[in-house]
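Accompanying notes for the structure given below.
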Amino acid sequence: MDIEKVGVIGCGLMGHGIAQVAAAAGYSVVVFETDAGALEHGMDRIGASLEKLAEKAVKKGKQTEAAAAESVQRTKERISGTHELSDLADCDLVIEAIVEDLNAKNLLFVDLDGICESKTIFASNTSSFPIELMAEASRRPDRFVGLHFFNPVQLMPLAEVVRTDAASDEVIQASTAFVTRCGKTPVACGDTPGFVVNRLLVPLMVQALLMVDRGDATPADVDTAMQLGCGHPMGPITLADYVGLDTTLSILEGWCERYPDEPAFVIPGSLRTHVAAGRFGRKSGQGYYAWDGDRRVD
Ligand code: 3HC
């Protein structure tokens with residue numbers, strides 16, 4: 001099946017990026033947000049990111065200034081915002097990128113099943129929940145897939161395509177073709193906790209934070225060690241701040257509850273303390289580090 005119109009639910013950190021890369025790839029995109037302020041903020045972020053990428057393309061000689069400006073304009077025109085779920089009825093693919101709350105996601109998919117045409121593929125960008133649970137709630141498990149993008153979506157070239165036992169070959173093929181056209185390299189993965197990346201990345205962050213909690217090394221030294229010793233673009237503690245300490249904690253809480261016998265899933269004390277105090281990392285301006293927008297300040 002051909003995907004032409006894409007719905008994105010949520011215009012936050014991940015949703016705005018997914019909407020942007022889909023529109024830049026030529027898809028017609030409708031973004032749903034309940035909150036008017038959040039929708040406006042997300043659209044502004046899309047505009048700023050498109051301008052930044054256009055500026056870079058011109059600097060590198062990949063596009064003329066006029067061509068870059070035209071492509072920014074065309075991409076923006078392909079995205080519309082809405083507060084009505086019914087505007088997603090005729091989408092070929094709907095990608096959910098709301099808060100990591102399984103109950104909220106399940107209720108959303110029940111609503112979407114009542115609204116969208118039977119052809120519509122449903123996808124979740126969840127970081128941590130089993131795709132199978134949402135697929136069952138949606139009442140169309142054969143047309144349900146996990147599409148996990150990485151932050152920042154505009155720059156990270158990977159998408160995990162997560163398959164449950166119930167998903168049809170046609171849906172997996174169409175979803176894989178979609179992420180590929182969005183400029184992402186797809187990797188296929190079963191419906192296993194954390195898929196590939198978070199299953200490896202989150203325990204790395206946990207061990208880094210436990211080292212800090214024990215006083216073995218400072219956050220800056222842990223991060224420098226992993227950048228210079230392993231070639232990682234960001235150290236694990238900077239990355240935890242970057243993706244959000246609240247997000248990291250909520251992933252871990254879900255895993256600890258669902259998989260109590262898995263020794264890799266533990267919650268560092270300092271992570272709980274930061275989140276309880278509202279220090280979520282980059283998004284709140286303070287976490288293990290201080291942040292000014294997207295930049296660490298130290
Ligand atoms: N759109 C457009 N441009 C952007 C942008 C965006 N969203 N975000 C950053 N940029 C630009 C910057 O403005 C900068 O432009 P400049 O060269 O003109 O100054 C350029 O991209 C490079 O950014 P930086 O100078 O800030 O830094 P880096 O060269 O280090 O690149 C990075 C940034 C790509 C984020 C790199 O640090 C990196 O790869 N970090 C690791 C990110 C990572 O691991 N992400 C996965 C997280 S896990 C996840 O998402 C899963 C989830 O489920 C938890």
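Atoms within a ligand are numbered from 1 in the order they appear, just like the ligands themselves. In this chain, numbering begins with 1 at the start of the sequence shown.
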Q: Heavy-atom contacts with Leu155 under 4.0 Å: which atoms of ligand 1 show up? List them by number with element.
A: 4 (C), 5 (C), 8 (N), 9 (C), 10 (N), 21 (O), 34 (C)
Q: Tell me which part of Glu55 gets within contact of ligand 1: side chain, backbone, both or neither, using heavy atoms under 4.0 Å.
A: neither
Q.
Could you check whether any side-chain heavy atom of Leu204 comes within less than 4.5 Å of a side-chain heavy atom of His232, counting everything from C-beta outward?
A. yes
**Q.** Proximal ligand 1 atoms for Lys56, defined as those under 4.0 Å from one of its heavy atoms
**A.** 11 (C), 14 (C), 15 (O), 16 (P), 17 (O), 18 (O), 20 (C), 21 (O)
Q: Could you tell me whether Asp294 and ligand 1 have an N or O pair separated by under 3.5 Å?
A: no
Q.
Quiz question for you: does at least one protein heavy atom lie closer than 4.0 Å to atom 27 (O) of ligand 1?
A. no
(Q) Could you check whether any heavy atom of Thr247 sits closer than 4.0 Å to an atom of ligand 1, since that is the contact criterion I want to use? (A) no
**Q.** Connected hydrophobic set around Val297, excluding itself, where side chains approach under 4.5 Å
**A.** none
Q: Using a 4.0 Å heavy-atom threshold (strictly under), name the region of His148 that reaches ligand 1: side chain, backbone, both or neither.
A: side chain
Q) Of the backbone atoms (N, CA, C, O) and the side-chain heavy atoms from C-beta on, which set of Leu239 has a member under 4.0 Å from an atom of ligand 1: side chain, backbone, both, or neither? A) side chain
Q: Please confirm whether Arg295 comes under 4.0 Å of ligand 1, counting heavy atoms of the residue only.
A: yes
**Q.** Nearest-contact summary for atom 50 (O) of ligand 1 - protein heavy atom, Å
**A.** Asn151 N, 2.9 Å
Q. Any N or O of Lys52 that comes nearer than 3.5 Å to an N or O of ligand 1?
A. yes
Q. Phe150 heavy atoms, cut-off 4.0 Å: which ligand 1 atoms fall inside?
A. 49 (C), 50 (O), 51 (C)
Q) Considering all protein heavy atoms, does one lie under 4.0 Å from atom 30 (O) of ligand 1? A) no
(Q) For atom 1 (N) of ligand 1, is there a protein heavy atom at a distance under 4.0 Å? (A) yes
Q: Quick one: look up the protein heavy atom nearest atom 37 (O) of ligand 1 and list residue, atom name and how far away it is.
A: Met234 CE, 3.7 Å
Q | Closest approach of any protein heavy atom to atom 36 (C) of ligand 1, naming residue and atom | A | Pro233 CB, 4.0 Å
Q. Cationic tip of Arg78 within the cone over Tyr27's six-membered ring, i.e. under 6.0 Å and within 45° of the normal?
A. no
Q: Give the residue and atom name of whichever protein heavy atom lies nearest to atom 6 (C) of ligand 1, and the separation in Å to one decimal.
A: Ser49 OG, 3.7 Å
Q. Do any pairs count as a salt bridge (charged side-chain N to carboxylate O under 4.0 Å, His left out) and have a residue in residues 151-167, sequence neighbours left out, and if so which ones?
A. Arg163-Asp169
(Q) Within ligand 1, which atoms have a heavy atom of Leu201 less than 4.0 Å away? (A) 48 (S)
Q. Which atoms of ligand 1 sit under 4.0 Å from any heavy atom of Val243?
A. 47 (C), 48 (S)
Q) So do the side chains of Leu210 and Val266 get within less than 4.5 Å of each other, counting heavy atoms only? A) yes
**Q.** Numbered atoms and elements of ligand 1 in range of Gln154, under 4.0 angstrom, heavy atoms
**A.** 1 (N), 7 (N)
